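Below, chains carry the letters A, B, ... as their sequence lines are ordered, and counting in each starts from 1. Heavy-atom basis, side chains included; hydrogens, waters and symmetry copies ignored. This structure is a prediction, so every number in the text was calculated from the model and none was measured.
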Number of protein chains: 2
Amino acid sequence: MTKSQDKHVLYVKEELAQNNQRATSYDVARAAGVSQSAVSRCFKPGASVSEKMRKRVQEVATVLGYQPNAIARSLITRRSNMVAVVINNDTNLYYPELLVELSRDFNERGVHMLLFTLEHESDVANILDQVWQYQVDGVILAAQLSDTQLSFLGQRDIPFVYYNRTSDSIPCSSVQCDHFEGERLLVDKLIAAKRKRFCIITGPSDSSVSATRMQGALKRLHELDISDVQIIEGDYSYHSGQESLISMIDELDWQPDAVICANDIMALGCIDAARNHFKFKVPKQISIVGFDGAVPASWQAYQLTTVTQPLELMAQAAVDILMQRIEDPSLPPEKRSFSGVFSPGNTL
Amino acid sequence: MTKSQDKHVLYVKEELAQNNQRATSYDVARAAGVSQSAVSRCFKPGASVSEKMRKRVQEVATVLGYQPNAIARSLITRRSNMVAVVINNDTNLYYPELLVELSRDFNERGVHMLLFTLEHESDVANILDQVWQYQVDGVILAAQLSDTQLSFLGQRDIPFVYYNRTSDSIPCSSVQCDHFEGERLLVDKLIAAKRKRFCIITGPSDSSVSATRMQGALKRLHELDISDVQIIEGDYSYHSGQESLISMIDELDWQPDAVICANDIMALGCIDAARNHFKFKVPKQISIVGFDGAVPASWQAYQLTTVTQPLELMAQAAVDILMQRIEDPSLPPEKRSFSGVFSPGNTL
DNA sequence: ATTCTAGATGCATTCGAATTCATATAGCAA
DNA sequence: TTGCTATATGAATTCGAATGCATCTAGAAT
């Protein structure tokens with residue numbers, strides 16, 4: 001770089017600073033004495049640029065602190081490299097871990113996550129509009145949507161993957177843990193432990209995950225000719241786990257020796273209620289099982305018997321499926337299902 | 001709407017469908033027989049548009065499924081309405097709740113969150129580049145940055161707020177829980193409970209939060225002429241809470257009657273180790289305190305004595321400060337500090 | 001020396017909405 | 001009817017990078 005060139009670069013830099021402006025590809029071009037297209041190409045791997053040019057431009061870009069404007073790029077390439085992740089704002093301690101996993105996997109592919117958390121069911125429509133406006137390349141749905149809402153995405157050809165949910169009526173890609181199978185397994189284990197009086201604490205009534213899990217458990221119980229099962233509705237929270245067990249015994253007057261909870265967190269509440277409120281020995285007097293493999297479930301105070309969702313695999317699968325469909329939108333929907341992993345614990 | 005107009009709209013719709021294209025403001029303009037500027041104005045509240053025009057355009061927009069392209073809008077307005085949220089991928093169960101809070105507060109203001117999770121310290125530089133490229137309006141930093149990295153944001157005039165951290169050398173806005181004060185309080189409570197032999201389980205050595213908390217505790221202990229304090233380094237995880245207590249007693253041969261943990265999750269591990277490994281009565285034989293107010297800390301099995309961070313307030317403050325600085329970048333940095341709330345629990 | 005080719009470069013256009021400025025229209029007063 | 005205003009509308013430009021196309025250059029082949 002000659003001295004006069006150097007000066008020119010600094011002059012441009014000064015000018016930008018004065019006007020408090022970001023460097024654009026034009027600025028770099030001007031400062032380096034080349035065309036804007038050249039600058040653009042220098043930032044595109046595999047483009048036809050000479051070594052000399054690339055070096056020169058990179059030098060100037062560094063001095064000016066230039067980085068391509070992703071927004072402008074998105075506009076012309078019609079690719080935002082952003083995906084939306086929509087999660088229910090459950091009391092579900094499980095999602096956070098999911099977010100971290102997804103974030104890792106997406107970042108590896110240079111994709112960024114726009115996060116949407118749902119407060120109320122009614123926010124969905126609003127959020128779908130936002131998703132659409134922001135031109136995201138795809139969507140991960142870890143929230144409950146109506147078929148109408150799903151079809152919104154379908155009609156607009158936004159690739160999406162349902163996480164731990166599916167729709168029977170609308171074709172869609174999904175990644176799931178086999179809730180049904182997992183619950184069957186748990187029931188079998190409870191039976192093997194000679195449990196006789198079963199009860200179930202479900203999740204909120206609009207949760208399809210809870211519904212599937214409970215169907216799995218019930219089906220197996222019926223197969224085994226156990227039909228006298230008490231069912232009570234929880235809301236996935238620790239507190240509702242406690243309360244449900246208490247009202248089950250105190251109000252419904254049903255004394256179970258096996259409690260099947262729709263998720264781990266409720267199971268933990270249930271354990272505490274059993275131990276503290278009723279002074280039961282767990283699992284001697286009462287068995288309690290959950291579902292998820294939430295982190296606190298394995299803590300010594302609990303050591304919950306549960307089925308663990310293979311979170312990493314599931315997140316990766318979701319990202320895989322989504323990215324494939326972004327690359328080639330003509331791909332048909334794909335569903336992947338993973339078996340949960342039995343975690344023996346100490347409450348059975 | 002006359003029939004011929006109607007037909008024209010449907011024709012445009014058909015055309016878009018054929019080419020598999022999204023409707024743009026031009027399409028709407030064409031279909032409605034007005035100018036593009038008119039369409040644009042119809043979507044801007046308070047713009048000068050006649051009622052008739054607004055109605056007509058809205059009708060057509062609905063039929064064509066038109067929503068303004070946020071990317072294109074960002075380009076021209078120089079406002080992306082996106083903020084970056086950078087969090088450490090700690091074992092810290094506390095962040096998830098923060099995310100939900102932030103998401104709620106930002107969404108209320110029509111701002112969207114681009115989520116970045118840090119695996120390694122070394123990712124920071126990379127992530128800052130991304131943040132810059134995506135033209136975010138501001139950044140929430142819930143991760144540790146070096147002063148050099150901080151100054152990157154400063155130099156580029158990106159408004160940002162440090163969450164639960166500050167820099168002494170670089171002026172910056174921040175929201176904090178008063179860790180120092182909180183720890184003093186806990187120490188005083190431990191003293192009031194007649195505790196004599198103290199030990200501390202810190203967080204990872206590069207965590208400034210942990211450093212501040214431990215300084216607060218130590219300072220108070222020294223003021224009270226207690227200088228014989230055993231310190232051991234943990235990593236914020238449940239497991240490290242367990243291990244630290246065990247190695248403290250078994251290896252360092254130091255038998256404490258008070259354990260100060262840098263966060264709640266370690267304290268929970270510590271409680272379990274005390275109860276199960278050592279058969280201690282908590283708090284009879286040993287007091288254990290944490291910091292954060294993590295959800296599981298209040299579960300019956302633990303009922304940890306701790307100081308709870310006012311999460312909602314802090315998140316709101318962070319959003320407030322950030323948005324103010326986005327509206328008016330000339331505002332000087334502002335630091336807000338909140339006192340933690342003592343949660344008595346049952347382990348002291 | 002001449003022709004051909006591959007690679008390098010620049011020009012001009014494009015993506016989609018916002019906005020400035022100029023113009024047109026309706027409404028009202030004189 | 002004329003003139004004036006206030007409001008509505010459209011034309012043209014802008015944001016910043018990517019890219020198809022045309023042009024140019026250097027080196028190889030003849």
Side-chain angles (χ1 to χ4, degrees), chain A residues 12 16 19-58 60-61 64-82 129 132-137, chain B residues 12 16 19-58 60-61 64-82 129 132-137:
Chain A
V12 172
L16 288 169
N19 302 321
N20 199 18
Q21 292 185 110
R22 293 192 182 199
T24 70
S25 57
Y26 282 98
D27 298 318
V28 177
R30 198 154 50 92
V34 302
S35 75
Q36 180 267 330
S37 0
V39 176
S40 172
R41 276 190 281 258
C42 286
F43 282 84
K44 186 185 176 177
S48 165
V49 200
S50 69
E51 205 37 59
K52 203 173 112 208
M53 168 77 83
R54 178 160 267 142
K55 204 174 145 232
R56 171 93 185 113
V57 168
Q58 229 123 50
V60 176
L64 299 187
Y66 169 77
Q67 300 265 105
N69 180 326
I71 298 277
R73 170 182 291 164
S74 301
L75 189 58
I76 187 76
T77 61
R78 293 141 170 293
R79 265 276 226 141
S80 62
N81 282 312
M82 297 191 299
D129 279 349
W132 172 246
Q133 288 185 19
Y134 270 85
Q135 319 285 115
V136 299
D137 298 332
Chain B
V12 172
L16 288 169
N19 302 321
N20 199 17
Q21 292 183 111
R22 294 191 182 199
T24 71
S25 57
Y26 282 99
D27 297 320
V28 177
R30 199 155 48 95
V34 302
S35 75
Q36 180 268 329
S37 356
V39 176
S40 173
R41 276 190 282 257
C42 287
F43 282 84
K44 185 183 177 178
S48 166
V49 200
S50 69
E51 206 37 60
K52 202 174 112 208
M53 168 77 85
R54 178 160 266 142
K55 202 171 147 237
R56 170 92 185 113
V57 168
Q58 230 124 47
V60 176
L64 299 186
Y66 169 77
Q67 300 266 106
N69 180 326
I71 297 277
R73 170 183 291 164
S74 301
L75 189 57
I76 188 76
T77 60
R78 292 144 169 293
R79 268 277 225 136
S80 62
N81 283 313
M82 296 191 298
D129 280 348
W132 173 245
Q133 289 184 20
Y134 270 85
Q135 320 285 113
V136 298
D137 298 332

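Of the side-chain N and O atoms in B:Arg54, none sit less than 4.0 angstrom from OP1 or OP2 of D:dA8. Put simply, A:Lys44 has a side-chain N or O that comes within less than 4.0 Å of OP1 or OP2 on D:dT19. OP1 or OP2 of D:dA17 has not a single side-chain nitrogen or oxygen of A:Ser40 nearer than 4.0 Å. Note on A:Thr24: every side-chain N or O is 4.0 Å or more away from OP1 and OP2 of D:dG16. Regarding contacts with the backbone of D:dG16, every side-chain N or O of A:Tyr66 stays at 4.0 angstrom or more from both OP1 and OP2.
Using a 4.0 Å heavy-atom cutoff across all strands shown, A:Val39 reaches no nucleic acid atom at all. B:Ser50 comes within 4.0 angstrom of the backbone, heavy atoms only, and of no base. In this structure, A:Ser37 reaches the bases: a heavy-atom distance under 4.0 Å links it to at least one base atom across the strands shown.
Residues A:Ala23 and A:Arg41 both approach DNA chain D. Their nearest nucleotides, taken by heavy-atom distance, put A:Ala23 toward the 5′ side. Residues B:Leu75 and B:Ala38 both approach DNA chain C. Their nearest nucleotides, taken by heavy-atom distance, put B:Leu75 toward the 5′ side. Residue B:Tyr26 is the one, among B:Tyr26 and A:Ser25, whose nearest nucleotide of DNA chain D lies closer to the 5' end (criterion: closest heavy atom).
For A:Ile76, taking side-chain heavy atoms from C-beta onward, the closest of the listed nucleotides C:dA18, D:dT9, C:dC15 is C:dC15. With D:dA17, C:dT9, C:dG16 as the choices, the nucleotide that has an atom nearest any side-chain atom of A:Arg78 turns out to be C:dG16. Side-chain proximity of B:Thr77 to D:dA17, C:dA18, C:dA17: nearest is C:dA18. Nearest nucleotide to the side chain of A:Ser48, out of D:dG20, D:dA12, C:dG7: C:dG7.
At a cut-off of 3.5 angstrom, the base of D:dA11 holds no donor-acceptor pair with the side chain of B:Gln36.
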